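Keep in mind it's a predicted model, so treat the numbers as computed, not measured. Computed over heavy atoms, backbone and side chain alike; hydrogens, waters and symmetry mates excluded. For reference, positions follow the sequence shown, starting with 1.
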Amino acid sequence: HFKDQSQRAEMVEAAGMRFLGMGISGGAEGARKGPAFFPGGTLSIWEDIRHIVEAASAKASDGRPCVTMCGHGGAGSCVKMYHNAG
């Protein structure tokens, strides 16, 4: 849950580490073609992992990866929750 992830992120960052939580969407089709990712957490981690996550993600019709850093703490899971509601 995104609220739990926000609390975990605070604890992890207070200990001098970085936090990453990531919602994943795609089901069976995502397993074959790549899922959409919804990362959130310590913002500095994104540039370190971006190339890996983008390579694994589904691609839009224009070739763009279906992933973007959603924000700090549990932001990725929060965005994924809204994605599910829509």
Steps toward side-chain contact (heavy atoms from CB on, under 4.5 Å) verdict (Trp46, Val53)
CA-CA 9 Å; Trp46 181 237; Val53 180; 4.3 Å; yes
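Side chain of Ser6 to main chain of Gly74: a donor-acceptor pair is present (N/O by atom type, distance under 3.5 Å, no hydrogens or angles).
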Tabulate below the donor-acceptor pairs under 3.5 Å that side-chain atoms of residues 14-28 make, not counting sequence neighbours, or state none.
{"from": "Arg18", "atom 1": "NH1", "to": "Ser44", "atom 2": "O", "distance (Å)": "3.2"}
{"from": "Arg18", "atom 1": "NH1", "to": "Asp48", "atom 2": "OD2", "distance (Å)": "2.8"}
{"from": "Arg18", "atom 1": "NH2", "to": "Asp48", "atom 2": "OD2", "distance (Å)": "2.8"}
{"from": "Ser25", "atom 1": "OG", "to": "His83", "atom 2": "NE2", "distance (Å)": "3.0"}

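Between Gly73 and Ala9, the shortest heavy-atom contact is CA-CB, 3.8 Å. The heavy-atom pair separating Pro65 from Ser57 by the smallest distance is CB-OG, 3.3 Å. Considering every non-hydrogen atom in both Pro35 and Ala56, the closest pair reads CD-O, 3.6 Å.
In this structure Glu54 satisfies the side-chain hydrogen bond (donor to acceptor under 3.5 Å, both in side chains) test together with Arg50, sequence neighbours excluded.
Donor-acceptor pairing under 3.5 Å is lacking for the side chains of His72 and Glu10.
With a 6.0 Å radius and a threshold of 12 heavy atoms from other residues, nucleotides or ligands, Lys59 has its NZ atom above the threshold.
Rounded to the nearest 0.5 angstrom, Met69 CE and Phe37 CZ are separated by 14.0 Å.
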